[in-house]
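Heads up: the structure comes next, in structure tokens.
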Amino acid sequence: MLALHDTATGKVEPIVPRDVGRISMYVCGPTVYDVPHLGHGRFALVFDVLRRYAEFDGYEVRYVSNITDIDDKIITKAQQEGRTPEQVAEEFEGVWWSAMDSLGVARPYETPHATGYVNQMVDAIGEMASRGNAYEISDGVYFDTRAVKDYGLLALQAPETLAAGARVQSNAEKRSPLDFVLWKKAKPGEPSWPSPWGPGRPGWHTECVVMSLGLLGEGFDIHGGGADLAFPHHENERAQSIAMGKRFAHHWVHNGWVTVGGEKMAKSLGNYTSLSDFLSKSDPRAYRLLVLRSHYRSPLEVTPRTVKDAEEALSRMDAMSRRCGAGPTVDISGQYITRKDALALGALQDAVSRFCARMDSDLDTPGALAGIFELVKCGNTALDRGDAEEARRMALTVNALCAALGITLQNTDPGPSGVDAEDDRLVRERDQARADRDWARADAIRSELAKRGWVVEDSPDGTKIRKA
RNA sequence: GGCGGCGUAGCCGAGUGGUUCAGGCAGGGGCCUGCAAAGCCUUGUACAGGGGUUCGAAUCCCCUCGCCGCCUCCA
């Protein structure tokens, strides 16, 4: 049974779905005001893998992840560039999805946009106000955090100590420095929506409550996001839900940072690598592998060296799958493989069980990968001792388990489409040269093929080529 | 200031007190190969430092040092 660390209790707890056989999961998505960086990629990959694994394990997963398309940063950017906030949001949402596609992140079932839920947010704020848990001051409507007895749960701190540590000068009209804005009254030139408190826009913390409850219902199973969202964002969502008398997320899952030289990768520190930059230079699968090789709650150091390391490891898996003849893998982006599928394909039961045991244990992807690499070695060894069938089953298992993690192995020789007549001619000529023991000529042809972008490998069946 | 976390071999990175150094990458040696590539075998004797508990600690407790994060927008 799947168990995950819960930020609220600090312990690894079994996931007991609200609805039998179905897991409902909400993950805070990006604010689309700029290009996403590796840190955003990490959370997207972590939750993509959680989702894929739950599907693998036989659950139906309702996965919702939002797009924040109205926010101060979007407005500021739009003003600086003389565009509308809509144009800015649209542009960077496009960049986001294109990066997600490259990473092989499957689309959520629902991707609600904040601007599509303003009316519901106004209603929710009204509900909080009517219960006496929100109040209006000169620049907006605020949430009264004193309404929530255990405010600070996700920060693991008491409200008094949180308030004492507040580093930002508080609006003097606020009843407590911890109180947060629910509705921001519009200043001239700002986009706005009508409300009982005048034209304005919702504060950030309200959209996720409204959208998660609206799409997944009360008491949904998992709420996730980057560790920095635990407080105050998720705390404030929880508070609002309580203030409306609604049961909220049952389980809180937060992933750790991407770090650079030990420091958090962040826009404000300027130490970030954008996903597009990364993806234009490296195999997107390498980033997924890099993310999965560390535990999702640990910090993850990304350097050229660790990326190279991941690429080499990936090429080892590709090579094993290829030489052990697992056959073509389907492109699984956007699709899922289940445990049943894997076994039906011929994956080894024991290996699948071990894989699941690791994954069930707080998504131990490093352990799961270690198991896969053991299969890689066993398959190679089996092939070397001449047991092709055993090797093939190992390779099938590796393919299936990688697919469960969202990794598609590149294990096939290039099809007819990838090889032109000249390549084909060179391969035949080299085989002939080798048969004639004309090594000089065989080597010359190998160089020629290399120039044409192929890696040449000899095999019992003759010359094989694959893309460099 | 409050709270939380981290410090493991050349690098990355798991480790739930107890035979074999999780796994990957890089390096050395060997096998295979016409040479390569791919693969296999082999090689590493690590747990920040200091105390303590224990028959036994990387793993539990205490202290010290160093690093990071949250308390502000933030994945």
Side-chain angles (χ1 to χ4, degrees), chain A residues 7 10 12 27-31 33 36-47 71-73 152 154-158 160-170 177-178 204 224-233 235 254-259 261-269 289-290 293-295 297-303 305-320 322-324 358 361 364-374 376-377 379-381 383-385 434 437-440 442-443 446 450 455-459 463-466:
Chain A
T7 307
V12 175
V27 174
C28 290
T31 299
Y33 72 101
H37 59 64
L38 294 176
H40 301 96
R42 185 182 191 188
F43 97 75
L45 286 167
V46 163
F47 290 101
D71 169 89
D72 289 1
K73 285 179 178 157
L154 296 177
L156 308 174
Q157 288 202 68
E160 310 79 62
T161 59
L162 277 172
R167 279 178 281 160
V168 166
Q169 185 159 11
S170 192
L178 296 174
W204 177 42
D228 50 357
L229 295 184
F231 190 91
H233 184 55
E235 187 70 47
H254 294 102
N255 66 275
W257 311 121
V258 171
T259 58
E263 285 195 316
K264 174 182 173 183
M265 178 177 284
K267 279 273 159 58
S268 52
L269 293 170
L289 188 64
L290 199 50
R293 275 192 339 178
S294 74
H295 187 80
R297 287 190 282 121
S298 302
L300 171 66
E301 185 75 17
V302 180
T303 66
R305 190 171 179 175
T306 62
V307 172
K308 180 76 175 13
D309 185 319
E311 285 177 334
E312 294 301 330
L314 201 50
S315 112
R316 177 171 162 80
M317 291 199 286
D318 284 342
M320 180 272 186
R322 187 170 64 238
R323 77 191 286 263
C324 293
R358 301 281 206 156
S361 170
D364 177 13
T365 54
L369 280 168
I372 292 176
F373 277 105
E374 271 158 20
V376 167
K377 175 168 279 193
N380 279 323
T381 309
L383 192 67
D384 285 354
R385 68 163 184 267
R434 293 189 74 232
R437 304 181 69 79
D438 184 352
W439 310 128
D443 291 352
R446 180 164 58 201
V455 174
V456 176
E457 287 184 8
D458 293 338
S459 81
T463 298
K464 299 238 182 206
I465 57 174
R466 63 185 164 88

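Atoms considered below: every heavy atom in the structure, side chains included; atoms not considered: hydrogens, waters and symmetry mates. Please read all numbers here as calculations on a predicted model, not as lab measurements. First the proteins, then the strands, lettered A, B, ... as listed; each starts at 1.
Judged by Watson-Crick or G-U wobble contacts below 3.5 Å, the nucleotide B:A37 has no partner. In this structure, B:A46 makes no Watson-Crick or G-U wobble pair, since no nucleotide meets both defining distances under 3.5 angstrom.
A distance of about 26 Å separates the P atoms of B:U43 and B:A48, rounded to the whole Å. Rounded to the nearest Å, the gap between the P atom of B:A38 and that of B:A75 is 40 Å. B:G2 and B:U64 have their P atoms separated by 13 Å, with the value rounded to a whole Å. With both ends at atom P, the span from B:G17 to B:C67 equals 31 Å, rounded to whole Å. Here, B:G7 and B:C61 have their P atoms 14 Å apart, quoted to the whole Å.
Side-chain proximity of A:M265 to the nucleotides B:A14, B:A75, B:G24 is greatest for B:A75. The A:A442 side chain lies nearest to B:G34 when the options are B:G34, B:A75, B:A37.
Nearer the 5' end of RNA chain B, as judged by each residue's closest nucleotide, is the contact made by A:S298, out of A:L269 and A:S298.
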Test side-chain contact (heavy atoms from CB on, under 4.5 Å) on A:K267 and A:K73 and set out the steps. CA-CA 12 Å; A:K267 279 273 159 58; A:K73 285 179 178 157; over 6 Å; no
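Spacing between atom CD of A:E457 and atom P of B:A37 amounts to 10 Å, rounded to whole angstrom units. For A:L154 and B:C3, the CG to P distance is 18 Å, given to the nearest whole Å. Rounded to whole angstrom, the span from the CG atom of A:D309 across to the P atom of B:G27 amounts to 12 Å. Between A:H295 atom NE2 and B:U8 atom C1' there is a gap of 17 Å when expressed in whole angstrom units. Residue A:M320 contributes atom CE, which lies 11 Å from atom P of B:G39 at whole-angstrom precision. Distance CD (A:E301) to C1' (B:C67): 12 Å, rounded to an integer number of Å. For A:R293 and B:A22, the CZ to C1' distance is 13 Å, given to the nearest whole Å. The nearest whole Å value for the distance from the CZ atom in A:R466 to the P atom in B:A38 is 7 Å.
The 12-atom threshold is exceeded at CZ of A:R385, counting heavy atoms of other residues, nucleotides or ligands nearer than 6.0 Å.
Under 4.0 angstrom from either OP1 or OP2 of B:C73 there lies no side-chain N or O belonging to A:S268. Residue A:R316 places at least one side-chain N or O closer than 4.0 Å to OP1 or OP2 of B:C40. Considering only side-chain N and O atoms, A:K377 lies nowhere under 4.0 angstrom from the phosphate OP1 or OP2 of B:G39. OP1 and OP2 of B:A75 both lie 4.0 Å or more from every side-chain N or O belonging to A:N255.
Residue-level contact check: A:R297 touches neither bases nor backbone, having no heavy atom under 4.0 Å from any strand. Looking at heavy-atom distances under 4.0 Å, A:E312 makes contact with sugar-phosphate atoms alone, never a base. Among the protein residues, A:A266 comes within range of no part of the nucleic acid, since none of its heavy atoms lies under 4.0 Å from any strand. Contact annotation for A:E374: backbone-only contact, meaning every heavy-atom pair under 4.0 Å involves sugar-phosphate atoms and none involves a base. Using a 4.0 Å heavy-atom criterion, one finds that A:V46 contacts no nucleic acid atom at all.
Using a distance-only test at 3.5 Å, with no hydrogens or angles considered, a donor-acceptor pair links the side chain of A:N380 to the main chain of A:V376. Formation of a donor-acceptor pair under 3.5 Å by the A:E235 side chain with backbone atoms of A:L154 is found in this model. For the pair A:E301 (side chain) and A:G262 (backbone), a donor-acceptor distance under 3.5 Å is present.
Residue ring and nucleobase are stacked for A:W439 and B:G34, with a centre distance beneath 5.5 angstrom and an angle between planes beneath 30°.
Tested against A:E457 for a salt bridge (Lys or Arg N to Asp or Glu O under 4.0 Å), the candidates A:R322, A:R446, A:K464 yield a single pass: A:R322.
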